[in-house]
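FYI, side chains are in, hydrogens and waters are out, and symmetry mates aren't considered; it's all heavy atoms of this structure. Not measured: the values here are computed from a predicted model. Residue numbering restarts at 1 for every chain, and letters A, B, ... go by the order of the sequence lines.
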Amino acid sequence: GAVVSQHPSRVICKSGTSVKIECRSLDFQATTMFWYRQFPKQSLMLMATSNEGSKATYEQGVEKDKFLINHASLTLSTLTVTSAHPEDSSFYICSATGRDTQYFGPGTRLTVL
Amino acid sequence: QKEVEQDPGPLSVPEGAIVSLNCTYSNSAFQYFMWYRQYSRKGPELLMYTYSSGNKEDGRFTAQVDKSSKYISLFIRDSQPSDSATYLCAMSVTPAAGNKLTFGGGTRVLVKP
């Protein structure tokens, strides 16, 4: 089946630092990857769409200078949370386009102290 | 009004019972429908993907789509405690691969031994 990994699974950082999260499609190539954010007991909120070799498309209200997305290859997209603050603490999930639909990574829990 | 409505639950059933989940939607342009299962602190796992009205069966899972009523359902037969999770419906206007998904809020299911 289609496998998507994320690294790290959990990260704790100090306020003001930057954190990079990797999303990889392990057994297929994904021209499009998506980044979501999920708060406790809430559904997924789409942050941005990442296309290989081009700039990401951000959803309304998402700061593109704060959430930097790079999709350098067909199997890797990265999300960098710059100058993180406690309100950025959340569960970040990526998905990658497979043969027919989207497959999700296991998520990364970010805690900003 | 949200584009996709889903009862948050929790839905509690005894082991072996049928679990019945549903979502309603307002955008008649949605043509592709998915059900995902999400365990606590994990990424969503694709269960079913359909794009036509009617039923689709896969093991203990049956997905139903009624486009005329803008209503989709997921049935889980012979439920097990391991089915305890949050179930998310998702839908898209164009094929889900590479395109934006709109999620319901998720229904939390508890299967009691």
**Q** With a 4.5 angstrom heavy-atom cut-off, is it the side chain or the backbone of B:Tyr36 that approaches chain A, or both, or neither?
**A**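 Looking at B:Tyr36, just its side chain touches chain A.
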**Q** Indicate if B:Met91 and B:Phe61 have the same hydrophobic cluster label, given that clusters are the connected sets of ILVMFWY residues with side-chain heavy-atom separations under 4.5 angstrom.
**A** yes
**Q** Heavy-atom cut-off 4.5 Å, strictly under: side chain, backbone, both or neither for B:Arg41 against chain A?
**A** both
**Q** With chain A as the partner, which of B:Gly43, B:Pro44, B:Gly106 has the greatest number of non-hydrogen pairs under 4.5 Å?
**A**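 It is B:Pro44.
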**Q** To the nearest 0.5 angstrom, please state how far the CH2 atom of A:Trp35 sits from the CE atom of A:Met47.
**A**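 So the CH2 of A:Trp35 and the CE of A:Met47 are separated by 9.0 Å.
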**Q** Flag the pair A:Lys20 and A:Glu22 as a salt bridge only when some basic side-chain nitrogen lies within less than 4.0 angstrom of an acidic carboxylate oxygen.
**A** no
**Q** At a 4.5 Å cut-off on heavy atoms, which part of A:Gln6 comes close to chain B: side chain, backbone, both, or neither?
**A**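 No part of A:Gln6 comes within 4.5 Å of chain B.
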**Q** Quick check on B:Glu45 against chain A: is it the side chain, the backbone, both or neither that has a heavy atom closer than 4.5 Å?
**A** neither
**Q** Do B:Met34 and A:Tyr36 share a hydrophobic cluster (ILVMFWY, side-chain heavy atoms under 4.5 Å, transitive)?
**A** yes
**Q** Between A:Ser43 and chain B, with a heavy-atom cut-off of 4.5 Å, which part of the residue counts as in contact: side chain, backbone, both or neither?
**A** both
**Q** State whether A:Glu59 and A:Lys64 are salt-bridged, where the test is any N-O pair (Lys NZ or Arg NE/NH1/NH2 against Asp/Glu carboxylate O) under 4.0 Å.
**A**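 A:Lys64 and A:Glu59: not salt-bridged.
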